[in-house]
Amino acid sequence: MMSTNRKYFVFILISLSASVFVAGCKLQNGTVRDVKNNVPSAYTDNSTDTTNTGEINWHNYFDDPYLIALIDTALVNNQELNIVMQEIAIRKNEIRAKKGEYLPQINLAAGSALEKPGEYTRNGAVEQQLNVKEDQRFPDPLGDFNIGAVASWEVDIWKKLRNSKAAAEQRYLSSIEGKNFMVTQLVSEIASSYYELLALDNALSIVQQNIDIQSNALEMVKLQKESTKVSQLAVTRFEAQMLNTINMQYAIKQSITMQENYINFLTGRYPTPIQRSSDTFMDINIQMASTGVPAQLLANRPDIRSAEYDLGAAKLDVKSAKASFYPSLGISAGIGYNAFNPAFLIQPQSLMYNVAGDLLAPLINRNALMANFGNANARQMQAVVKYEQTLLQAYIDVVNQMAMIDNYSNSFNTKFQEVEKLKESVTIATSLFNSARADYTEVLFTQRDALDAKLELVEAKKMLILGKVNIYKALGGGWR
């Protein structure tokens, strides 16, 4: 009998050892390539200046008090940001849950039961055949009362549970960086929407000024018609042009309403007028941002750091999945009191305890474990590519916004000169028309061109200001 038990024991040991060996051999190649985080040493030149606009606090980067007030409100009331804050709380609780998995589980237990076996059952027949005195028989029915503590613990030999907790910690840090990145986006979105609103105000002002100019021109043409200098056709054309300009203001007013309400949505409040300083829009000074060196993106961009933490979590998930192939050691123990009568429960003779250990290793049907390991490894590869993609996108964002500021700065300067020339042309065309040396169509075309150029000048100024906002966002500014 002992020989047979020994054979079984040896067989179990050999099987467990073989399981560990096979698991290690098959999974040792389940790694992926290292992440490529080398960025160019500079953006568009060989500058090594590390002064970085992205490290400036947004309160100091924007100087419009109305805009600063809107951003402060949005950082408190924005619903999407508050949803993200709850996601951080969830990730923090997941760490506590994972920590509890590799600590011993200790529970207090109490229970009671009554048992009356039938006479024609094993227990009933045995009891009937016992040759004992009446006062020594078990009570009928037989009670079972117990109270005590029960403990269980999976010994984390291969760090499967600890790696799982570490992965949860990495994802918690990733969620914090995700919140920071959202703050960056929210600050940028509020600023962009605010400046777009100022641009619409200025466009509306230009249109209304042109309505006044065209109204005066129409009155002048009507007087000339009365003196038979022009025909009704000229009057009709001037009226049509003024009506077209009047119609333009309604589309702009609708855009203003929608832009105001979008800002209200971002700030988490119902529609209310947006206080703003539209008169200073064209005078906003745009200074070239200090971009520093590309390597600073690794520290300044929250989305890059979030992707880095996600990659760290994915690597730990692979280790946890690999550890599932190895034997697991479980220990259980209990101590308490057990008696068939409550009167005997809290007595030294009723003390009972137990301790047990088990060693489990997968031998058959490892497909599920292999699938989990394969998925963890694939997700790790995804995290590698996502990190590299985020880093590449960050670099391109900076280069694009640098080019945007440069090009729209030149565009604004050129368009400003064009507007000045067209203003002069309107004056000349009107003067020539009044002296009957120019046709009324020249006045109409010149006024239309001047209006279009003024609106394009506002658009160029808006894009230049948005370049200032976007370069700040691209460099990782706004979350500090």
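The chain is numbered in sequence order, starting from 1. Please read all numbers here as calculations on a predicted model, not as lab measurements.
A donor-acceptor contact shorter than 3.5 Å is absent between the side chain of N244 and the backbone of A240. Within the 3.5 Å criterion, the main-chain N or O of S306 finds a donor-acceptor partner in the side chain of S174. The closest donor-acceptor contact from the side chain of Q259 to the backbone of S193 lies under 3.5 Å. Judged by distance alone, with hydrogens and angles left aside, the side-chain atoms of S192 form a donor-acceptor pair with the main-chain N or O of S188 at under 3.5 Å. A donor-acceptor pair is defined here as one N or O able to donate and one able to accept, closer than 3.5 Å; no such pair exists between the side chain of N247 and the backbone of L243. Side-chain atoms of K461 come within 3.5 Å of backbone N or O of I284 as a donor-acceptor pair. Side-chain N or O atoms of S328 include none that pairs as donor or acceptor with a backbone N or O of S324 at under 3.5 Å. Formation of a donor-acceptor pair under 3.5 Å by the N52 side chain with backbone atoms of V293 is not found in this model. Listed for the W479 side chain is no donor-acceptor partner under 3.5 Å among the backbone atoms of Q185.
From L218, atom CG reaches atom CD1 of I211 across 12.5 Å, with rounding to the nearest 0.5 Å. The CG atom of D279 lies 7.5 Å from the CG atom of N202; values are rounded to the nearest 0.5 Å. Considering CG of D397 and CG of D303, their distance stands at 8.5 Å, rounded to 0.5 Å. Between the OG1 atom of T73 and the CD1 atom of I263 there is a distance of 11.5 Å, given to the nearest 0.5 Å. Taking CE of M404 as the start and NZ of K468 as the end, the distance is 13.5 Å to the nearest 0.5 Å. Expressed to the nearest 0.5 Å, how far OH of Y66 lies from CD1 of I71 amounts to 15.5 Å.
Heavy atoms of other residues, nucleotides or ligands lying less than 6.0 angstrom from CE of M258 number 12 at most. Residue-environment remark: CZ (F416) stays at or below the threshold of 12 foreign heavy atoms within 6.0 Å.
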Pair K36-E388, salt bridge (charged side-chain N to carboxylate O under 4.0 Å, His left out): steps then yes or no: CA-CA 6 Å; K36 299 176 182 177; E388 295 174 348; 5.7 Å; no
Trace of the salt bridge (charged side-chain N to carboxylate O under 4.0 Å, His left out) decision for K92 with E169: CA-CA 8 Å; K92 188 174 183 179; E169 291 173 343; over 6 Å; no
Chi angles and distances behind the salt bridge (charged side-chain N to carboxylate O under 4.0 Å, His left out) call for E418, K421: CA-CA 5 Å; E418 178 186 350; K421 293 296 182 182; over 6 Å; no
Trace of the side-chain contact (heavy atoms from CB on, under 4.5 Å) decision for T291 with T53: CA-CA 6 Å; T291 57; T53 300; over 6 Å; no
Worked check of ring pair (Phe, Tyr, Trp, His ring centres under 6.0 Å) between F281 and Y195: CA-CA 8 Å; F281 175 75; Y195 288 126; 7.3 Å; no
F433 vs Q224, side-chain contact (heavy atoms from CB on, under 4.5 Å): CA-CA, chis, key distance, verdict: CA-CA 10 Å; F433 175 72; Q224 290 188 346; 2.9 Å; yes
Criterion salt bridge (charged side-chain N to carboxylate O under 4.0 Å, His left out) on R91 and E87, from CA distance to verdict: CA-CA 6 Å; R91 294 289 177 88; E87 182 65 27; 3.4 Å; yes
Worked check of side chain to side chain donor-acceptor pair (under 3.5 Å) between R301 and N180: CA-CA 9 Å; R301 289 268 302 220; N180 291 339; over 6 Å; no
Chi angles and distances behind the side-chain contact (heavy atoms from CB on, under 4.5 Å) call for V187, F62: CA-CA 10 Å; V187 169; F62 300 109; 3.9 Å; yes
Stepwise side chain to side chain donor-acceptor pair (under 3.5 Å) test for Q401 and Y472: CA-CA 9 Å; Q401 298 309 318; Y472 183 60; over 6 Å; no
Pair R171-Y309, side-chain contact (heavy atoms from CB on, under 4.5 Å): steps then yes or no: CA-CA 6 Å; R171 291 191 170 89; Y309 285 126; over 6 Å; no
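For residues 280-289, the set of pairs meeting the side-chain hydrogen bond (donor to acceptor under 3.5 Å, both in side chains) definition, not counting sequence neighbours, is empty.
Q241 and T245 share no side-chain donor-acceptor pair at under 3.5 Å. For S320 and N163, the side-chain atoms include no donor-acceptor pair closer than 3.5 Å. Side-chain polar atoms of S164 and K98 form a donor-acceptor pair below 3.5 angstrom. Checking N264 against R269 by side-chain atom types alone, a donor-acceptor pair falls below 3.5 Å.
The residue from R162, K319, K165 that alone fulfils the salt bridge (Lys or Arg N to Asp or Glu O under 4.0 Å) condition with D156 is R162.
Residues that satisfy the salt bridge (Lys or Arg N to Asp or Glu O under 4.0 Å) test with R379, not counting sequence neighbours, are absent from this structure. Remark: E80 pairs with no residue by the salt bridge (Lys or Arg N to Asp or Glu O under 4.0 Å) rule, at least two apart or across chains. Partners of Y387 by ring-ring contact (aromatic ring centres under 6.0 Å, His included), not counting sequence neighbours: none found.
Residues Y194 and S277 meet the side-chain proximity criterion, which asks for heavy atoms closer than 4.5 Å. Counting heavy atoms from C-beta outward, L298 and L391 have side chains that approach closer than 4.5 Å. Considering only heavy atoms from C-beta on, E154 stays 4.5 Å or farther from L329 through its side chain. Between N300 and R480 the shortest side-chain heavy-atom distance falls below 4.5 Å.
Ring planes of F373 and F325: perpendicular class, angle over 60° (limits at 30 and 60°).
The shortest heavy-atom contact between A203 and V458 is N-CG1, 4.4 Å. Scanning both residues, M182 and L81, for their nearest heavy atoms gives CE-N, 3.3 Å. When all heavy atoms of F265 and N78 are compared, the closest pair comes out as O-ND2, 4.4 Å. When all heavy atoms are compared, the tightest approach of Y395 to P294 is CE1-CG, 3.7 Å. A pairwise comparison of heavy atoms in I106 and A151 identifies CG1-CB, 4.0 Å as the closest pair. Between L464 and I405, the shortest heavy-atom distance links the atoms CD1-O, 3.4 Å.
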Under 3.5 Å, which donor-acceptor pairs link side chains of residues 443-454 to any protein atom two or more places apart or in another chain?
| from | atom 1 | to | atom 2 | distance (Å) |
| --- | --- | --- | --- | --- |
| T446 | OG1 | E442 | O | 2.6 |

Taking distance alone, no hydrogens or angles, what donor-acceptor pairs closer than 3.5 Å link side-chain atoms of residues 232-239 to residues at least two apart or in another chain?
| from | atom 1 | to | atom 2 | distance (Å) |
| --- | --- | --- | --- | --- |
| Q232 | NE2 | T236 | OG1 | 3.4 |
| T236 | OG1 | Q232 | O | 3.0 |

